[in-house]
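All residue numbers in this chain count up from 1 along the given sequence.
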Amino acid sequence: MTWQDTYQLWKNNQNLDPKIAAELRDLETDQDALEAAFAQPMSFGTAGMRGLIGPGIGRMNLYTVGAAAEGLASFMDTLDEATKQRGVAISFDSRYQSREFAHHAAEVLGAHNIPSFVFDDIRPTPELSFAVRHLNTYAGIMITASHNPKQYNGFKIYGPDGGQMPPVESDKITAYVRAVKDMFAVVTVPETKLRDQNLVTIIGEDVDEAYLSQVKSVAIDTDLIDEVGSDMTLIYTPLHGTGRVIGYRALKEAGYDHFTMVAKQAVADPEFPTVEHPNPEFPEAFDMAVKLGKDQGADILIATDPDADRLGAAVRMPNGDYQLMTGNQIASVLLNYILKAKQAANDLPKDGLVVKSIVSTELATKIAAHYGVTMKNVLTGFKYIAEQIKLAEEHHDHTFLFGFEESFGYLIKPFVRDKDAIQSTILLAEVAAYYKKQGLTLYDGIQALYQEYGYFAEKTTAKAFDGLDGATQMANIMKSLRENRPTAFAGTPVETVDDYQTQTATHADGTTDSISLPVSNVLKYWLADGTWIAVRPSGTEPKIKFYIGTNGETQNAADAHLTDYEQALTAWVNQLNG
């Protein structure tokens, strides 16, 4: 069947949702848009699906969401009845149609006699992860596109431990989703009827209170918060997202009296009208917070993305300007504070465990080693960090202390099994109070770590491959990278190449070692000076991401190395790409 045939099926469907039918009529003269919407179905994998909102099999709409929910329901039909009846927790963010998608998913599940526990309003992704554990549901659904622009939405599935659904189960769900041949035929039951049958339960404040109670436990030194936290000036912006529901309460309950929310960005608006990208990785996301911070002389600015799983921060410099911290820097000061405080309290476990992604800073590795704590590296994706937490609990061989990814995602305590910007907000405010008591800032804190462990510099860049042939282009580039292995970057020899697709580490002398991590389309190059360079296609966007981590005896030296390696990497990729 051609994409034109699929389009005609949608166009001629007399029962098509009126809103989707109207959107389809708006596209009828745009052949490129129609082809993009109907040529290929949405990709569904271990991270669920994410894409542009609109009509078509390749877009987020009631029918593609219904097919995804049908896939989950069909898989749960294969479970024993008691497990199936544990049901599914469902949350959603502030994006267009998030609420509708969430309730539509519940109506699909209800048709399979599967209970749903649906939040009464927007809630963060980490609270959904908590709700799965708190309510002992079998699965969770989060409707979100995280930090993507306003045109996007997504559907993420969580497993019984509150982490993203494990690979074996996820693969089975994916197979069931792809087996849905007619998404118009997916059966739903009206929610009013499901409420009468106790197959839909609305949740909210009851879960909020339980989650916030756990968030309070993240604080390490409550005396410090009482002494300094109440005087510290903090600006918080939820970037029009779910953080406004919980972030405000969490800060208040933790004892931070002098904080201000950026009022215009505390409105849950799916247009994200004050930012082009609601992403705390981007400096422009802090423009309004910086203005307010300068007016108040704020010590720290904190931003969370729309589903409140990622956190970014900026700190005041001596000249009154604000410096945006990288995700690696935030993770390093959080980790150092946790381990130092636990050591001082004689509470640092001998079997302590820190988990990070393979593309995150090696500064954290040095900090962990200093305190005698095990550092475990995993593939990109917080599900792999959650997996390590679960293994540690099952084997009783490690005590989880901290997990992070360089992309502004951190987890302090495992009552959540995904990155948690609410937890991180509370602890980062405490770390800021710790330095404020000494007349210092978080910027001073990261500089002190550099002085102790060496100066580190990291950078992540991405190249987009939009259009129908984007996936092919990315595959060709990764193929070229494997077939044309570099021997040096910027004159520095490559000592080892880690290929996670073949699970093989190849050294300069030709010898090889096996890699124990799961198969993944990632290449990582280790250079003679300790620098590393990694390349991987994004799992959620049509992009290839490039990572560089380097170091030097001074900050200027580390930054200069970073510039040299970035130029060398760009030239090499451009050469391979013709």
Side-chain angles (χ1 to χ4, degrees), residues 126 146-147 218-220 232 234-239 243 247 250-251 256 279-283 285-286 289-290 293 298-305 308-317 322-341 354-357 359-368 375 380 382 385 401-413 416 418-436 440-450 452-453 455-460 547 549 555 558:
S146 191
H147 55 285
V218 169
I220 294 175
M232 190 173 66
L234 183 152
I235 304 297
Y236 171 60
T237 172
L239 297 178
L251 282 165
Y256 297 99
N279 187 343
E281 297 181 51
F282 294 170
F286 282 84
V290 166
D299 299 293
I300 183 173
L301 318 176
I302 293 177
T304 56
D305 69 343
D309 63 348
R310 299 177 188 231
L311 171 147
V315 295
R316 191 177 64 201
M317 304 293 284
Y322 286 88
Q323 172 73 47
L324 191 67
M325 300 180 72
T326 69
N328 284 316
Q329 289 173 335
I330 294 171
S332 296
V333 295
L334 287 173
L335 174 60
N336 183 70
Y337 181 78
I338 291 169
L339 300 184
K340 187 173 185 177
V354 177
V355 189
K356 74 174 184 68
S357 69
V359 294
S360 297
T361 183
E362 289 301 306
L363 173 57
T365 302
K366 286 196 169 186
I367 293 170
M375 173 64 77
T380 300
F382 229 85
I385 295 177
L401 298 174
F402 186 64
F404 78 97
E405 293 181 326
E406 52 78 37
S407 54
F408 294 75
Y410 330 94
L411 179 63
I412 293 97
K413 287 203 171 183
V416 164
D418 205 345
K419 46 190 176 286
D420 188 342
I422 305 302
Q423 285 192 46
S424 307
T425 294
I426 298 308
L427 189 62
L428 190 63
E430 182 176 334
V431 179
Y434 168 79
Y435 286 111
K436 183 178 177 66
L440 303 171
T441 67
L442 281 171
Y443 178 81
D444 297 318
I446 191 67
Q447 294 304 312
L449 291 178
Y450 287 156
E452 183 173 359
Y453 297 106
Y455 289 82
F456 288 76
E458 297 91 11
K459 188 171 184 178
T460 303
Y547 305 82
Q555 189 66 64

Would you check if [X] and [Y] make a side-chain contact, meaning some heavy-atom pair closer than 4.5 Å?
X      : Y      : answer
Leu401 : Leu339 : yes
Leu411 : Val355 : no
Val431 : Asn336 : no
Ile412 : Asp420 : no

Query raised in the report: Is a side-chain donor-acceptor pair under 3.5 Å present for Glu458 with Thr326?
Result: no
Query raised in the report: For Glu362 and Tyr453, does a side-chain donor sit closer than 3.5 Å to a side-chain acceptor?
Result: no
Using only atom types and a distance under 3.5 Å, with no angle test, would you say the side chain of [X] pairs donor to acceptor with the backbone of [Y]?
X      : Y      : value
Glu430 : Ile220 : yes
Asp305 : Ser146 : no
Arg310 : Ser407 : yes
Asp444 : Thr441 : yes
Gln423 : Val218 : no
Thr460 : Tyr547 : no

**Report entry** Enclosure of Tyr443 OH (heavy-atom neighbours >12, cutoff 6.0 Å)
**Finding:** no
Partner residues of [X] under the side chain to side chain donor-acceptor pair (under 3.5 Å) criterion, sequence neighbours left out:
X      : result
Glu405 : none
Tyr236 : Thr304
Lys340 : Tyr434

Which pair of non-hydrogen atoms, one from [X] and one from [Y], has the smallest distance, and what is that distance?
X      : Y      : value
Ala313 : Ile330 : N-CD1, 3.7 Å
Pro280 : Ala303 : CB-O, 3.7 Å
Ala250 : Ile422 : CB-CG2, 3.8 Å
Ala421 : Pro126 : N-CG, 4.5 Å
Ile300 : Ala432 : CD1-CB, 4.1 Å

How many angstroms lie between atom [atom1] of [X] and atom [atom2] of [Y], to the nearest 0.5 angstrom?
X      : Y      : atom1 : atom2 : answer
Leu449 : Ile367 : CG    : CD1   : 4.5 Å
Ile302 : Ile235 : CD1   : CD1   : 10.5 Å
Leu311 : Lys419 : CG    : NZ    : 12.5 Å
Leu442 : Arg316 : CG    : CZ    : 12.0 Å
Ser424 : Phe404 : OG    : CZ    : 12.0 Å
Leu427 : Phe402 : CG    : CZ    : 8.0 Å

Query raised in the report: What orientation do Tyr450 and Tyr455 show, parallel under 30°, tilted 30 to 60°, or perpendicular over 60°?
Result: tilted
Query - N-O pairing of Glu452 and Lys366 below 4.0 Å - result: no
